[in-house]
Enquirer: 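The structure under discussion is supplied below as structure tokens; questions concerning it will follow.
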Amino acid sequence: MGILRLREGQPCDLALSLSCGQAFRWEQRGEWWEGVVESEVWRLRQEGDRIEYAGPTARRVRDYLALDLDLPAIQAAVDRDPVIHAAIASCPGLRILRQDPWEILVSFICATNTHIPRIRQMIASLSRCFGERVPSPSGAWYSFPSPVALAVPCRETLEECRLGYRDRYIHGTAARIAGDPGLLPHLMALPLEEAREGLLSFPGVGPKAADCILLFGFHRYEAFPVDVWIRRIMHRHYLAPPPGMKAASEKEDRRIREFGREYFGEWAGYAQEYLFCARGELLGDAPGKGHRDGKSRE
DNA sequence: GACCAGGAGCCGC
DNA sequence: GCGGCTCATGGT
């Protein structure tokens, strides 16, 4: 339990950062945010430049929120045009969290072809079924399950988590890491493209998931994940889809990713995250939470 | 009740 | 290597 103060000129929007779709285990209860980080229940709340915490140490909170990074400098580095400028302006305190690679790997295998609320459900369900109970004054929490716990002998036992076709991918990936615990740390130490290739070798991990894992789990900020929203935003504001080419294809997504990295530079992942979080307004929807695309073409 | 979602694997050409 | 199809599921 304690309070830390944000340094002058170093903003952090706790609620936005925890809820924008990079982490899936945080729940808002009153003015507190509660979640499990590395088998510990954390409670956080923010009031202006004060962040109150219960559970972790101040050092852990600062690391998780990446408060050591100079956010205004990062924003300045990617602020190259009016579009990204508006995106930054609409979520100025957004920070990319430093999360556990294993949890992120599983989370973004779950994230294929579904909505963010469903990802949250799947992760909660996996934790409840296969994690360990963590005592907390505010009710039952469960740790995120280990690779060994998810490499259960028969994957049919995963079915109760309602992962759909993803259960065999989770099972296969968990079995591989359970059998080689040094694999993720090894991949993290590799150059970006080699780490990416390594991630692509896991079942259920394709180009988009690999980039999300690099960005959110490996803390590689030049990764530029391309999902349906980023594809639409980039097509509308940055590079028109080539005539005759299908707007949604792996080849086209690769073109977008390479453009994004080149254009935004070493902090391209941050730029991607601002664009993603501002997707509603960038795609011309009513400002706020709605993300309906209103039949807009990609 | 369609349509869509922070896609990926597989198969045929 | 590229295009098309299929894959469970639930939110909107």
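Lettering follows sequence order; numbering is per chain, from 1. These figures come from a predicted structure and were not determined experimentally.
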Enquirer: Give me the distances for all protein-to-nucleotides 7-9 of chain C N/O pairs that come in under 3.5 Å?
Expert:
from	atom 1	to	atom 2	distance (Å)
dA8(C)	O4'	Tyr165(A)	N	3.4
dA8(C)	N6	Asn113(A)	ND2	3.0
dA8(C)	N1	Asn113(A)	ND2	3.4

Enquirer: Taking atom P in both dC11(B) and dA8(C), compute the distance separating them and give it to the nearest angstrom.
Expert: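 The answer is 15 Å between these two P atoms.
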
Enquirer: Using a strict cut-off of less than 4.0 Å between a Lys/Arg side-chain nitrogen and an Asp/Glu carboxylate oxygen, indicate whether Arg7(A) and Asp70(A) qualify as a salt bridge.
Expert: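 No, no charged N to carboxylate O under 4.0 Å.
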
Enquirer: So Asp211(A) and Leu199(A), do their side chains get closer than 4.5 Å, heavy atoms only?
Expert: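 Side chain of Leu199(A) against side chain of Asp211(A), heavy atoms only: no contact under 4.5 Å found.
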
Enquirer: Using a strict heavy-atom distance below 4.0 Å, which residues from residues 249-266 of chain A are in contact with DNA chain C?
Expert: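 Residues of residues 249-266 of chain A under 4.0 Å from DNA chain C: Lys251(A), Arg254(A).
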
Enquirer: Rounded to whole Å, please give me the gap between CZ in Arg231(A) and C1' in dC4(B).
Expert: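 Result: 13 Å.
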
Enquirer: Will you find, in the side chains of Tyr274(A) and Ser90(A), an N or O donor that is under 3.5 Å from an N or O acceptor?
Expert: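 Short answer, no.
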
Enquirer: Any non-hydrogen side-chain atom of Arg196(A) less than 4.5 Å from a side-chain atom of Ile213(A)?
Expert: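 No, their side chains stay 4.5 Å or more apart.
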
Enquirer: With side chains defined as the heavy atoms from C-beta onward, is the minimum distance between Leu94(A) and Leu71(A) less than 4.5 Å?
Expert: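 No, their side chains stay 4.5 Å or more apart.
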
Enquirer: Is the distance between the ring centroids of Phe108(A) and Phe24(A) under 6.0 Å?
Expert: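 Yes - the distance between ring centres of Phe24(A) and Phe108(A) falls below the 6.0 Å cut-off.
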
Enquirer: Within residues 195-226 of chain A, which residues have any heavy atom lying less than 4.0 Å from an atom of DNA chain B?
Expert: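 Phe202(A), Pro203(A), Gly204(A), Val205(A), Gly206(A), Pro207(A), Lys208(A), Ala209(A), Phe216(A) - these, ordered by number, are the residues of the stretch whose heavy atoms sit under 4.0 Å from the strand.
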
Enquirer: Give the table of side-chain donor-acceptor pairs shorter than 3.5 Å for residues 259-268 of chain A, with sequence neighbours excluded, one pair per line with atom names and distance.
Expert:
from	atom 1	to	atom 2	distance (Å)
Arg261(A)	NH1	Glu193(A)	OE2	2.8
Arg261(A)	NH2	Glu193(A)	OE2	3.4
Tyr263(A)	OH	Asp81(A)	OD2	2.7

Enquirer: Going by the rule salt bridge (charged side-chain N to carboxylate O under 4.0 Å, His left out), which residues pair with Glu34(A) if we only count those two or more places apart in sequence or in a different chain?
Expert: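 Counting only residues at least two positions away or on another chain, Glu34(A) forms a salt bridge (charged side-chain N to carboxylate O under 4.0 Å, His left out) with Arg29(A), Arg43(A).
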
Enquirer: Just how far, in rounded Å, is P of dG7(B) from CD1 of Ile230(A)?
Expert: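 Atom CD1 in Ile230(A) sits about 11 Å away from atom P in dG7(B).
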
Enquirer: Expressed in angstrom and rounded to an integer, what is the separation of Arg279(A) atom CZ from dA5(B) atom C1'?
Expert: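 Interatomic distance, CZ of Arg279(A) to C1' of dA5(B): 11 Å.
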
Enquirer: Please report the distance separating the P of dG7(B) from the corresponding atom of dT12(C), rounded so that it comes out in whole Å.
Expert: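 About 16 Å, rounded to a whole number of Å.
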
Enquirer: Please determine if Lys208(A) and Asp253(A) form a salt bridge, counting it only when a charged side-chain N lies under 4.0 Å from a carboxylate O.
Expert: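 Here Lys208(A) does not pair with Asp253(A) in a salt bridge, since their nearest N and O are not under 4.0 Å apart.
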
Enquirer: Can you check the Asp227(A) CG to dG7(B) C1' distance for me, whole Å?
Expert: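 To the nearest whole Å, that distance equals 10 Å.
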
Enquirer: Is a salt bridge present between Arg98(A) and Asp63(A), judged by a nitrogen-to-oxygen distance below 4.0 Å?
Expert: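 Yes, charged N to carboxylate O under 4.0 Å.
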
Enquirer: What's touching nucleotides 11-13 of chain B from the protein side, N or O pairs under 3.5 Å?
Expert:
none

Enquirer: Is any side-chain heavy atom of Leu67(A) less than 4.5 Å from a side-chain heavy atom of Gln10(A)?
Expert: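 The answer is no; the side chains never approach within 4.5 Å.
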
Enquirer: Would Arg279(A) pass as a cation-pi partner of Phe276(A), given that its NZ or CZ must be under 6.0 Å from the six-membered ring centre and within 45 degrees of the axis?
Expert: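 Cation-pi check for Arg279(A) and Phe276(A): passes.
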
Enquirer: Between Ile96(A) and His219(A), is there a side-chain heavy-atom distance shorter than 4.5 Å?
Expert: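 No; the side chains remain at least 4.5 Å from each other.
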
